[in-house]
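First up is the structure itself, then whatever we jot down about it.
As a basis for the values below, the full set of heavy atoms in this structure was taken, side chains included, without hydrogen atoms, waters or symmetry mates. Everything numeric here is computed off the predicted structure, so don't read it as measured data.
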Amino acid sequence: MRFGGVPSDHFPHTIDKSFGNGHVSSHGRGESLGAGFLLLDASLRPIYSNEEAQAILTYPGVSSENKVFDHFLQSRIRSLIPSNGDHNSLSPAQFLNEVASGKRCYQLRAFSVKSNLGNRRGPAVALLLERNHRGALNLERVARKFRLTPREKEAVDLLLQDLSTKQIACRMDISANTAKAFLRSVMIKVGAENRTGIIGRILQASKAMNGGISL
């Protein structure tokens, strides 16, 4: 396996199943039996990621043997920093606090990590993804709150699975322009400026409904 064009033997990438990670359901979905953990370098490239982290970030299922796996995972990691973040000045404070993976919510905690090797190739940030059971996403209730139409809710559901607009259109059997129209309508209704904003507002509303912060 390669990450960011770097062969896997250049870093200690391993999958450790002894911690309960790696269980796959009959639907091919990695169950949340443990926390997801990643070590990133200053360029957001993963130095280490356990199987649970891969299951969370590559939902609904990109095989690690797929030739686009490393690119997909890299893209997903970059999506954890809002579009207005500075990727050239990596800081734990830049990362989102919550991550959606399908209809599940995960708390994301980021930590600065200093390499004791005396070089710049060591880890810069550690990410911990933990299942937020109390804040499990109830899209039906959130959709009612924002008065989303059934098709808008369907588009949001697919967006939460980190599908592209083209993939959403394919799954909904509509044109890409129609999918964009649905997402634009959702942006207006939830008060977001982009796709990442939609996810943030949906998660925020869900958290409020589960006894968290209010909008």
Side-chain angles (χ1 to χ4, degrees), residues 3-6 11-13 19 21 32 34-59 70-137 142 156 159-162 164 183 186-187 190-215:
F3 285 108
V6 180
F11 49 78
H13 174 82
F19 292 99
N21 297 313
S32 295
F37 180 77
L38 301 96
L39 282 175
L40 310 178
D41 67 14
S43 299
L44 294 180
R45 293 184 302 179
I47 297 173
Y48 170 92
S49 64
N50 67 0
E51 189 169 330
E52 179 67 12
Q54 294 179 28
I56 294 169
L57 295 177
T58 62
Y59 180 84
D70 60 333
H71 176 74
F72 184 87
L73 182 59
Q74 179 84 31
S75 175
R76 188 72 169 97
I77 290 172
R78 288 187 175 277
S79 73
L80 301 179
I81 294 181
S83 57
N84 60 347
D86 182 4
H87 292 82
N88 295 320
S89 180
L90 194 58
S91 166
Q94 293 175 290
F95 287 86
L96 299 173
N97 294 320
E98 287 186 306
V99 176
S101 179
K103 294 184 179 180
R104 298 178 179 181
C105 292
Y106 293 84
Q107 180 183 12
L108 172 61
R109 290 190 284 176
F111 308 88
S112 292
V113 180
K114 292 184 179 180
S115 172
N116 59 0
L117 301 178
N119 60 51
R120 296 183 180 181
R121 297 181 61 184
V125 170
L127 301 181
L128 182 64
L129 291 156
E130 296 177 300
R131 179 78 182 276
N132 186 353
H133 294 278
R134 184 167 170 268
L137 177 61
V142 174
V156 169
L159 178 64
L160 290 170
Q161 297 177 35
D162 201 40
S164 67
L183 293 176
V186 173
M187 287 180 197
V190 305
E193 296 182 354
N194 49 40
R195 290 164 56 99
T196 302
I198 291 176
I199 295 174
R201 292 291 288 171
I202 293 296
L203 291 177
Q204 187 181 19
S206 178
K207 186 174 183 179
M209 292 175 178
N210 284 281
I213 59 175
S214 59
L215 292 173

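Every residue two or more places apart in sequence or in another chain that forms a side-chain contact (heavy atoms from CB on, under 4.5 Å) with A192 is listed here: V190, I198, R201. Qualifying salt bridge (charged side-chain N to carboxylate O under 4.0 Å, His left out) partners for R76, counting only residues two or more places apart in sequence or in other chains: D162. Taking the side-chain contact (heavy atoms from CB on, under 4.5 Å) definition, one finds that S164 meets it with K166, Q167, sequence neighbours left out. Shown here are the side-chain contact (heavy atoms from CB on, under 4.5 Å) partners of L96, two or more places apart in sequence or in another chain: P82.
When all heavy atoms of R195 and M187 are compared, the pair lying nearest together is N-CE, 3.8 Å. Of all heavy-atom pairs spanning L73 and P46, the tightest one is CD2-CG, 4.3 Å. The shortest non-hydrogen separation linking R78 to S43 is NH2-O, 3.2 Å. In terms of heavy atoms, F95 sits closest to A110 at CD1-CB, 3.9 Å. For A42 against A124, the heavy-atom pair with the smallest separation is N-CB, 3.7 Å. For S101 against Y59, the heavy-atom pair with the smallest separation is OG-CB, 3.3 Å.
Rounding to the nearest 0.5 Å places CG of L159 at 8.5 Å from OG1 of T196. Taken from CD1 in I47 to CG in L40, the straight-line distance is 7.5 Å, to the nearest 0.5 Å. Rounded to the nearest 0.5 angstrom, N97 CG and R109 CZ are separated by 11.0 Å. Remark: I199 CD1 to I202 CD1 distance equals 9.5 Å, nearest 0.5 Å. To the nearest 0.5 Å, atoms CG (L183) and CG (N194) are separated by 11.0 Å.
In this structure the side chain of L129 never reaches within 4.5 angstrom of the side chain of E52, judged on heavy atoms. For the pair R45 and Q74, the minimum side-chain heavy-atom distance is below 4.5 Å. Residues L38 and L57 have side chains in contact (heavy-atom distance under 4.5 Å, counting atoms from C-beta outward).
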Please lay out, stage by stage, how L44 and I81 fare under the test side-chain contact (heavy atoms from CB on, under 4.5 Å).
CA-CA 10 Å; L44 294 180; I81 294 181; 4.1 Å; yes
